[in-house]
Amino acid sequence: MADLAFQRNFGIAAHIDAGKTTTTERILYYTGMTHKIGEVHEGAAITDWMEQEKERGITITSASVTCYWKFPTVQGQAIPGTKQYKFNIIDTPGHVDFTVEVERSMRVLDGLVALFSAVDGVEPQSETVWRQANRYHVPRIGFVNKMDRAGADFLNVVRQVREMLGAKSVPLQLPIGAEDHFKGVVDLVEMKGIIWDEATLGMTYQEVPIPDDMKEEVEEWRNHLIETVAEYDEKLMEKYFEDPHSITNDEIYAVLRKATIDMSIVPMLCGSAFKNKGVQTLLDAVVRYLPSPIDIAAVKGVDPRTGEEVVRKTDPKEPFAALAFKIMTDPFVGRLAYFRCYSGHLDAGSYVLNNRTGRNERISRILQMFANKQNPIDFIEAGDIGAAVGFKDIKTGDTLSDPDHPIVLESMFIPEPVIAVA
Ligand code: GDP
């Protein structure tokens with residue numbers, strides 16, 4: 001049985017062009033799922049190029065991509081106590097036309113990385129997605145990308161998130177160097193500088209002292225962070241009044257995690273995905289602040305036989321219940337139904353009840369999507385995301401359940417897209 005505390009189901013939402021694709025590609029690189037990043041350089045072997053295209057293709061068409069991240073690390077390297085976290089990154093389409101699709105994916109993810117451009121800040125689509133995330137109570141962290149661009153302004157975007165989106169955004173980092181000279185960040189919790197190594201494409205980093213000319217600003221924002229976090233915890237507040245220096249980093253992390261999950265605070269980070277800086281600390285923040293499937297409330301539904309309310313916990317011992325959130329046609333396996341398993345355990349080859357059709361259908365195979373391959377798995381359990389092969393009749397929004405323990409998951413009204421006729 002997988003330890004669900006070490007799993008994160010999250011999405012990345014952004015206005016088009018803010019850098020979602022680049023960030024996702026970097027995530028797959030840093031998690032070891034792909035071995036190359038960036039443009040195809042002249043002279044690169046054609047097979048390399050095809051390999052890259054294939055990786056890109058599957059990544060881009062997948063509704064969910066699975067990868068693994070090691071945390072914590074020091075200077076990018078594993079240390080005693082480093083654990084492996086499983087990430088299911090659920091695609092949230094970035095284009096305004098796909099708003100309905102965004103709603104669908106919001107339903108099944110546990111947390112969100114809201115990605116902004118450091119130059120353009122909060123844009124119309126980031127607002128739309130933000131409000132949808134509010135509606136589905138999706139906790140989030142912010143990532144301000146493109147810090148290397150002329151006019152990049154991290155703190156301005158933090159302010160916009162507060163003023164335009166009404167969130168208590170708080171910076172956890174300050175950039176070291178601006179625009180072309182953007183090199184790294186000061187971590188306001190650990191109070192140290194991080195400079196990513198260019199030679200390893202940011203796979204490793206150096207810890208450096210806080211630059212002298214930043215000390216005052218760092219002190220000011222560190223206080224702001226502690227004050228904001230202390231407001232959410234009485235014990236911390238008492239300590240803050242007695243002696244702010246007595247507050248430990250672990251206390252800050254624990255309270256900030258709680259406040260992020262109950263959507264009281266939005267921690268903000270910065271970087272440049274394109275320049276291989278900051279995506280690594282973003283992944284650490286996904287682990288630290290975004291909820292695991294067991295941090296999420298139990299799902300509610302109705303027993304279609306009795307009309308009675310049923311509650312299902314994120315527990316593999318409960319009866320199986322899942323929600324299909326995206327149906328796709330895959331060139332290799334045909335119809336693929338991506339689903340989130342909320343409770344129970346499902347073996348490949350077994351039957352599930354589709355409550356909409358009233359039919360039991362056999363799931364011939366269950367797949368998990370990696371950057372460059374579709375991985376057949378023997379079973380899936382509560383909290384995980386998979387794709388099922390074998391359905392004859394399946395639609396987005398269908399509840400799938402154990403035939404002996406039927407449930408229709410609490411209906412979330414998702415309007416069908418209106419397709420304009422030219
Ligand atoms: P998406 O539409 O959000 O998926 O954005 P893309 O990842 O496709 O990026 C849009 C453009 O911005 C591309 O030309 C990227 O190379 C560029 N880009 C992405 N991230 C950065 C960054 O951190 N810095 C700079 N300078 N350009 C970036």
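Along the sequence shown, the residues carry numbers beginning at 1. All values derive from a computational prediction rather than experimental measurement. Numbering of ligands and ligand atoms starts at 1, following listing order.
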Contact check, A14 vs ligand 1, heavy-atom distance below 4.0 Å: no
For ligand 1, which atoms have a heavy atom of [X] less than 4.0 angstrom away?
X: S272; answer: 22 (C), 23 (O), 24 (N)
X: A273; answer: 23 (O)
X: G19; answer: 1 (P), 3 (O), 5 (O), 6 (P), 7 (O), 9 (O), 19 (C)

Relative to [atom], which among [options] owns the nearest non-hydrogen atom?
atom: atom 12 (O) of ligand 1; options: M147, K275, K277, K146; result: K146
atom: atom 8 (O) of ligand 1; options: I16, V279, T21; result: T21
atom: atom 11 (C) of ligand 1; options: N276, D17, I12; result: D17

Are F154 and V158 side-chain neighbours, meaning at least one heavy-atom pair lies under 4.5 Å?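 Heavy-atom side-chain distance check passes, below 4.5 Å.
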Hydrogens and angles aside, do H345 and D347 bring a side-chain donor and acceptor to less than 3.5 Å of each other? yes
Could you verify whether a donor N or O on one side chain and an acceptor N or O on the other, from S401 and N355, lie under 3.5 Å apart? yes
With backbone taken as N, CA, C and O and side chain as the heavy atoms from C-beta onward, which portion of T22 lies under 4.0 Å from ligand 1: side chain, backbone, both, or neither?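 For T22, the contact with ligand 1 is made by both the backbone and the side chain.
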Taking non-hydrogen atoms only, is K20 closer than 4.0 angstrom to ligand 1 via side chain, backbone, both or neither?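 Contact part for K20 vs ligand 1: both backbone and side chain.
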With respect to R340, which candidate in D110, D384, D398 satisfies the salt bridge (charged side-chain N to carboxylate O under 4.0 Å, His left out) definition?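 Per the salt bridge (charged side-chain N to carboxylate O under 4.0 Å, His left out) rule, the option paired with R340 is D110, out of D110, D384, D398.
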Less than 4.0 angstrom from a charged side-chain N to a carboxylate O is my criterion; do D120 and K146 meet it?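 The answer is no: the pair does not qualify as a salt bridge.
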Going by an N to O cut-off under 4.0 Å, is there a salt bridge joining D148 and K275?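 Between K275 and D148 there is a salt bridge, with a charged N closer than 4.0 Å to a carboxylate O.
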As an exercise, state the distance from CG of N9 to CG of L112, rounded to the nearest 0.5 Å.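 If I round to the nearest 0.5 Å, the distance is 12.5 Å.
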Consider every N or O of R149 and every N or O of ligand 1, then say whether any pair is closer than 3.5 Å.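 N/O-N/O distance below 3.5 Å does not exist for this pair.
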